[in-house]
There are 2 protein chains.
Amino acid sequence: MKSEIPPNTVARLSLYRRLLEAWLEKGTTHLYSHEIASMACVTPAQVRRDLMAIGYSGSPSRGYSVDALEDSIGRFLGSDTVRKIALVGMGNLGRALATYFVSRAPRFRMTAAFDNDPRKTGRVIAGCMVHPVEAIPGIIPAEGIRTAVLALPPESAQEMADTLVKAGVKGILNFAPVPLRLPGDVFLENRDVTASLEKVAFFSGQPREGN
Amino acid sequence: MKSEIPPNTVARLSLYRRLLEAWLEKGTTHLYSHEIASMACVTPAQVRRDLMAIGYSGSPSRGYSVDALEDSIGRFLGSDTVRKIALVGMGNLGRALATYFVSRAPRFRMTAAFDNDPRKTGRVIAGCMVHPVEAIPGIIPAEGIRTAVLALPPESAQEMADTLVKAGVKGILNFAPVPLRLPGDVFLENRDVTASLEKVAFFSGQPREGN
DNA sequence: CTGAAGTTGTGAAAACAGTAACAATGTTAC
DNA sequence: GTAACATTGTTACTGTTTTCACAACTTCAG
Ligand SMILES: NC(=O)c1ccc[n+]([C@@H]2O[C@H](COP(=O)([O-])OP(=O)(O)OC[C@H]3O[C@@H](n4cnc5c(N)ncnc54)[C@H](O)[C@@H]3O)[C@@H](O)[C@H]2O)c1
Ligand SMILES: NC(=O)c1ccc[n+]([C@@H]2O[C@H](COP(=O)([O-])OP(=O)(O)OC[C@H]3O[C@@H](n4cnc5c(N)ncnc54)[C@H](O)[C@@H]3O)[C@@H](O)[C@H]2O)c1
């Protein structure tokens, strides 16, 4: 076998789907690649290539069926069922994320949160039950959770990541500004905000060629 | 001219610097590329390439001088002076970010925050003065701010981005889950958390080859 | 001094990501 | 029916990012 899905394509598909949902509600039945591209701020060729990756075909005359495409992306991303997520670290960022996902990302369910602060554990915060970290090895496998979000201080991120992986987690979205060493079969996405800002600040300084 | 700095290199340099600072405090004077690589969880070749990009040279026998390298990265990233940042949207995420930068990212100063909610404007929140959005065209140029962070609802992100750009902003870190249409000379970094989670959840599901 | 060991700097290759180009195809105008 | 048109699916290309591989260099043991 040769085919692999580029991670960037997956991220764009997520965006396309959200855009399509808005059009679905307005009753639009078909869209051309250049219309989707324009909304997503990418090139039409990029859109067609991404849709090729999931094996969805449009009609040369009508474009893509909003309904069928939305459905097709949904099935590809595997979100027929709501995906269960674990959150570790219910601090400032963790609370904001929990609030965000409850209200704005209905396809993900923050099934369980974990913290080691006894003032936070045992309570429901932002619609999410907070358990002590000792409960990770019990709850993660029992719930069949495979995906976790880390919003921990840098010092404890690696340790908790190891615990999660041992409990069966196969993908981690890490907000702590430290690199994590994980087995190769665990998918890791780092969102180091400091590094992102450093990048933006750097390129804000030196002029870039416009278009 | 031919040389351009890859954005990813800038982000990694930010990470290297933080790691080096920790070693500086411990009194370590020299490090080899493979030691830096191990800490940053990248390959040694990657480290050497990144350092080549900023024109820093180590010694084949002693490796890189922690002190001189830290200094060199600092001068390259332009952070001799603290960089001024504007934050737009002081909601759940904005407040968490402001708190984070005050306490953990001393190289950036959140010079001004903006919001359109009168209950928030005119007050200091998380160490950061919140102005009404009408003040953007006045404050941004006056302070010489070139970099902004967007933590706004999707509906108002494009509008505020336009306002910021008109006021002179040259780089935007966008947390709203919508694509932004900006002039080509403005550097844009999107941090769409939903898309990131979607990516992680996707690859958590299907097995990956380990190493 | 010589050789072994270990590291850097960098050209070349590979992997990855995005763009362009175009044949194939359905649609419309007449 | 058919010519003109617009769009898709796909292949080939271009550019960027990462890895590989190795010459050049420094040190040190003997
Ligand atoms: N606040 C932000 O906007 C922001 C932005 C980017 C990155 N981050 C990063 O995200 C992480 C969390 O940031 P924050 O602002 O929420 O910090 P915070 O201190 O508010 O929250 C950290 C939480 O983790 C818990 N915790 C600490 N050690 C733990 C452990 N061993 N096991 C379980 N829970 C533990 C604490 O009890 C606390 O609730 C930090 O690494 C920070 O650098 C934060
Ligand atoms: N909360 C999170 O953890 C999180 C995570 C990822 C992405 N996001 C995104 O970040 C954005 C903000 O999220 P949030 O949770 O902070 O939402 P929020 O509703 O808590 O905060 C939004 C803030 O923006 C202000 N605002 C609204 N319209 C404005 C305008 N036109 N001009 C200026 N200010 C305006 C509001 O007054 C409010 O203070 C959203 O787009 C959300 O999708 C949030």
Side-chain angles (χ1 to χ4, degrees), chain A residues 1-13 15-16 28-66 68-69 72-73 76 179 184 187-190 195 199 202-203 208-209 211, chain B residues 1-13 15-16 28-38 40-66 68-69 72 179 184 187-190 195 199 203 208-209 211:
Chain A
M1 111 169 179
K2 186 72 252 300
S3 72
E4 273 290 354
I5 303 294
N8 289 3
T9 291
V10 175
R12 279 191 299 268
L13 286 170
L15 172 60
Y16 299 157
T28 307
T29 62
H30 288 81
L31 288 170
Y32 296 116
S33 63
H34 70 259
E35 296 176 296
I36 298 174
S38 166
M39 292 185 285
C41 293
V42 298
T43 64
Q46 180 92 82
V47 172
R48 293 202 296 277
R49 185 165 257 291
D50 287 336
L51 299 191
M52 191 172 71
I54 66 169
Y56 183 80
S57 276
S59 136
S61 45
R62 259 175 293 276
Y64 302 92
S65 154
V66 177
L69 177 53
S72 194
I73 296 178
F76 177 79
F187 185 86
L188 171 65
E189 181 93 345
N190 283 306
K199 210 189 328 182
F202 179 82
F203 289 107
R208 296 155 40 74
E209 78 286 4
N211 64 6
Chain B
M1 111 169 185
K2 187 70 254 297
S3 70
E4 273 289 356
I5 303 294
N8 289 2
T9 291
V10 175
R12 279 190 300 267
L13 287 170
L15 172 60
Y16 298 158
T28 307
T29 63
H30 288 82
L31 287 169
Y32 296 115
S33 64
H34 70 258
E35 296 176 295
I36 299 174
S38 166
C41 293
V42 298
T43 65
Q46 180 92 84
V47 172
R48 294 202 296 276
R49 263 238 176 270
D50 288 337
L51 300 191
M52 193 170 72
I54 66 169
Y56 184 81
S57 276
S59 136
S61 45
R62 260 175 292 276
Y64 301 93
S65 154
V66 177
L69 178 54
S72 195
F187 185 88
L188 171 65
E189 181 94 345
N190 284 306
K199 210 190 323 183
F203 289 108
R208 293 156 41 74
E209 80 283 6
N211 63 7

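Residue numbers start from 1 in every chain, and the chains themselves are labelled A, B, ... in the order their sequence lines are given, proteins ahead of strands.
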message = Tell me if a side-chain donor or acceptor on A:Glu35 pairs with a main-chain N or O of A:Tyr32 at a distance below 3.5 Å.
response = yes
Round to a whole Å and report the spacing from [atom1] of [X] to [atom2] of [N].
X: A:Lys199; N: D:dT17; atom1: NZ; atom2: C1'; value: 12 Å
X: A:Met52; N: D:dT8; atom1: CE; atom2: C1'; value: 11 Å
X: A:Leu51; N: D:dT8; atom1: CG; atom2: C1'; value: 11 Å
X: A:Tyr64; N: D:dT7; atom1: OH; atom2: C1'; value: 8 Å
X: B:Arg12; N: D:dT16; atom1: CZ; atom2: C1'; value: 12 Å
X: A:Asn8; N: D:dT18; atom1: CG; atom2: P; value: 12 Å
X: B:Gln46; N: D:dC20; atom1: CD; atom2: P; value: 11 Å
X: A:Leu31; N: D:dT8; atom1: CG; atom2: P; value: 10 Å

task = Give B:Arg62 one of three labels, base, sugar-phosphate or nothing, depending on what nucleic acid heavy atoms sit under 4.0 Å from its own.
result = sugar-phosphate
inquiry  = Within the 4.0 Å heavy-atom criterion, would you say B:Thr9 contacts the bases, only the backbone, or no part of the nucleic acid?
reply    = nothing
message = Let's see if you can work this out: which of D:dT8, D:dA12, D:dT18 has an atom nearest to the side-chain heavy atoms of A:Arg49?
response = D:dA12
Hey, could you give me the [atom1]/[atom2] distance between [X] and [Y], rounded to the nearest 0.5 Å?
X: A:Leu51; Y: A:Ile73; atom1: CG; atom2: CD1; value: 6.0 Å
X: B:His34; Y: B:Ile36; atom1: NE2; atom2: CD1; value: 10.0 Å
X: B:Tyr16; Y: B:Tyr56; atom1: OH; atom2: OH; value: 15.0 Å
X: A:Ser59; Y: A:Tyr64; atom1: OG; atom2: OH; value: 10.0 Å

ask   = Mind checking which nucleotides bracket the chain A contacts on DNA chain C, 5' to 3', with an atom under 4.0 Å from a heavy atom?
value = C:dA17 to C:dT27
message = Judged by each residue's nearest nucleotide on DNA chain C, which is more toward the 5′ side, A:Ala45 or B:Tyr56?
response = B:Tyr56
query = Does OP1 or OP2 of D:dA6 have a side-chain N or O of A:Ser61 closer than 4.0 Å?
reply = no
ask   = If we only count heavy atoms from C-beta on, is the A:Arg12 to A:Thr9 side-chain gap below 4.5 Å?
value = yes
key: B:Leu13 side chain reached by A:Phe202 side chain, heavy atoms, under 4.5 Å   = no
